[in-house]
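Protein chains get the first letters and strands the later ones, always in sequence-line order, with residue 1 at the start of each.
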Amino acid sequence: MEHLLENLTDAQREAVLYQDGPLLILAGPGSGKTRVITHRIARMIADGVPGHQILALTFTNKAAEEMKLRVARLAPQSEVWIGTFHRFCARMLRKYARIVGLEENYTIYDTGDSAQALRRAMAQLHVDAAFTSPESIGRAISWAKNNLITPEQYQPKSGNPLGGVVQQIYPAYQAKLAGSNAVDFDDLLMHVATILRQNDEVRAALDERYRYIMVDEYQDTNLAQYVIARAMSCDFSNLAVTGDPDQSIYGWRGANLNNILDFEKDFPAVRVVRLERNYRSTKRILRVADELISHNLRRKKKALFTENEAGEPVRLVTYRTHKEEAEMIAAEIAGEIAPGRRHARDYAVFYRTNALSRSFELALREAGVPYQMINGVEFFQRQEIKDVLAYLQLVNNPHDEVALLRVINRPTRGIGKTTIERLANHAQHRRLSLLDAAREVRHVESVAARSAKLVTAFVAMVDRLISAVGPIEELLGLVLNESGYEAMLKGSGDEEDEERLANIQELLTVAREFDERHGAPRGTRSAGRRGGVGHLEAFLEETALVNDTDEWETQLDRVTLMTLHASKGLEFPCVYLVAVEEGLLPHERSRTSAEQLEEERRLMFVGITRAQQQLQISRAEYRDFRGERKPAIPSSFLMELPRGEMDVRQPEATRVVEIDEVPVDHEPVFRREEPRPPAPATPSFGSGLRTAAEMLGEGQTPAAVDPDVFRQGMVVLHPKFGLGKVIALGGSGGDRTATVDFTSAAGRQKIALAGSGLRPVK
DNA sequence: TGTGAGTTGATTTTT
DNA sequence: TCAACTCACA
């Protein structure tokens, strides 16, 4: 255990050793907070606390992954539950769904799905969206849920024109979710908070089960999260929270800064530990950050200090235009990388809004500097992925209306708007789910016989899929075929569709990995809730709550482009903080209240404190906005920085870099279009390039084919059944199977690949 | 029912 | 600027 206490400061050691009772760790940026948490967990385990009694909650998947990794290193095999609040709640809700009127196989709607449900609810109430937008109503509902205000309790604030509409729509929206056996992100928290509040039996059980609870980034908790953490810390009040009020940047999401500011009031017996020594940045960078944040009033003062060297002055640069800003920065980076003074991965560019990334992408590409952008289009948000997943959602939860509406006519199968509306009416009258309404389409008089036939065929297809629940990869394969989705994309010859197919292939890989990781159910039908269905649920939960297909990777030698929000928790040797202009940082929507302004200041504080050695803050005199070039006003925050620590450069003084000097030998890299990892080497035998005829002629038993060469949709040849097409793949290793539609009388066969003699034709 | 053009409108941050 | 959405038409 001693090694867990080595190289810790007194304050860090105190936090690591303090075990029973509430603990508040106020951790400044770069103060080794994660180290403290992970060492604390490891130390407790070393001291005999069973891992399963420890629960560590984070806000982002990124933070959870990092923590898991580090805990695993310090305390291998421990059963500590580490994850995001949302994941934890999703799990709890699977168990206690009935208490809040849900079934265990409920669907988690992402933002897009929720918006869809909201639109449907509005349409059914005939709410005219002319004065309001679904977005603003959605935000209001989200805010209410984060504050645990139920539809019944919702009272509009007087003078808010939106309030009345929200009051009307919120219950309808919630009813729509209930009817679909679905929850949105906020519900995950709200439902669990409700259960904990209203059901003391459950509360006490969880309190006892999770005796030691840790909450990371406590300054970001909203009321719901606060209630959850608190409720599980009554009988065993070993709640340890870490956070930094100065890094609270999620107020807009319902985060309540008071949760951390008042922690000492909530738990009078609390031990407070301050981690104020910074191990990350130079003295100058830290000084700039400290000076800026001192302009905030609502905070807990900390005395940030570092033993690191003074470092270079922080640069404050004004460019003429946003274009010049991007190009000069790109050139500067290129100029450092080319001679090998720096790696691309040493650099990060932070901006307030995603829209600002564009010029930097362009400039870096031009300059031949490899970069990676965080949070471009999320993989799981892509249309084709959402479409295919919607089929799975529907299979898992046939009540899911949003999923049904998404897939019922995609690919187009002649079921149009009118038919759907008629079905919806029928469903509403008879209080049926949409799918059940579709089941009895023949009794819906208004639907034409021709349409009814198409609907029946659709329902039959869904039923076939439902009865085929097994490994996800295999189920996906069936979906792609039965639905005609694959054929739709393959037939078009469209380049975009090619890319979509590639993305779907990627999804199949994700599915396969998931199957392997979680031990896919073998059989198809036998699957009870424990087996196939639960497995599918878990997969959908993961895809809804995790966006980690494009995890930011430190190893990649690329410049990182990201928003200030995304930068939290990270560090880089060299940081460019760009577009620090009035209206962007602080953002114009945040200028209405002093509170929001302080949050913007914290956002800048977070950005500054990511830098280890070099920091440049910049702005442009002119910036294109909505296609118009407008003069940009310097951010008021710039006036709050200590000029003594800084090197201020006006446009005249900016260094001119010849773009020609920059080598352009490496290809620019884009996050999504990155080459996939090479497939495992295929056995030498002709890479399957011979024609079917040639192969048929040979009639000999070929060398064993690596099961991994088979892909969805591939044309294959079987020694006995002849030519066929791969419908679905499943299983792993020696158990890997292919479902093949043969052109011969053999029809559809599921073949164990090992020793089958099956081989790819093309 | 599907497509295409033309318009509109909107641009913060995330689970 | 650009993407998404509507409305008219085939």
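Checking B/dT14, B/dT1, B/dT15 against the side-chain heavy atoms of A/His565 singles out B/dT14 as nearest.
OP1 or OP2 of B/dG2 sits under 4.0 Å from a side-chain N or O of A/Asn409. Look at A/Asn354 and you'll find a side-chain N or O under 4.0 angstrom from OP1 or OP2 of B/dT13. Close to B/dT1, at under 4.0 Å from its OP1 or OP2, lies a side-chain N or O of A/Thr418.
In terms of the ring pair (Phe, Tyr, Trp, His ring centres under 6.0 Å) criterion, residue partners of A/Phe59 (sequence neighbours excluded) are, by chain and number, A/Phe85. Partners of A/Asn258 under the side chain to side chain donor-acceptor pair (under 3.5 Å) rule, at least two apart in sequence or in another chain, are A/Asn256, A/Arg298.
In this entry the distance linking CZ of A/Arg139 with P of B/dA10 reads 11 Å, nearest Å. Atom-to-atom, NE2 of A/His86 to C1' of B/dT15 comes out at 4 Å; the value is rounded to the nearest Å. Summarising the geometry, the separation between CG on A/Leu57 and P on B/dT14 is reported as 20 Å, rounded to the nearest angstrom. Spacing between atom CZ of A/Phe59 and atom P of B/dT14 amounts to 14 Å, rounded to whole angstrom units. Atom CZ in A/Phe350 sits roughly 15 Å away from atom P in B/dT13 (whole-Å rounding). The separation between A/Tyr250 atom OH and B/dT13 atom P is 10 Å, rounded to whole Å. Rounded to an integer number of Å, the gap from A/Leu454 CG to B/dG2 C1' is 15 Å. Taking atom CD of A/Gln383 as the reference point, atom P of C/dC5 lies 11 Å away to the nearest angstrom.
Applying the 6.0 Å contact sphere to NZ of A/Lys386 captures more than 12 heavy atoms from other residues, nucleotides or ligands.
Within 4.0 Å of A/Thr412, counting heavy atoms only, lie sugar-phosphate atoms of the nucleic acid but no base atom. Nucleic acid contact for A/Phe85: none, since no nucleic acid atom lies under 4.0 Å from a heavy atom of the residue. A/Ile415 comes within 4.0 angstrom of the backbone, heavy atoms only, and of no base.
A/Tyr485 and A/Tyr391 have perpendicular rings, their planes meeting at more than 60° on a 0 to 90° scale where under 30° would count as parallel.
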>> Working note: A/Glu542 + A/Arg517, criterion salt bridge (Lys or Arg N to Asp or Glu O under 4.0 Å); need CA distance, chi angles, decisive distance, verdict.
In response: CA-CA 12 Å; A/Glu542 185 159 305; A/Arg517 196 152 30 99; 3.1 Å; yes

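Comparing A/Glu600 and A/Phe185, the nucleotide of DNA chain B nearest to each residue sits closer to the 5' end for A/Glu600.
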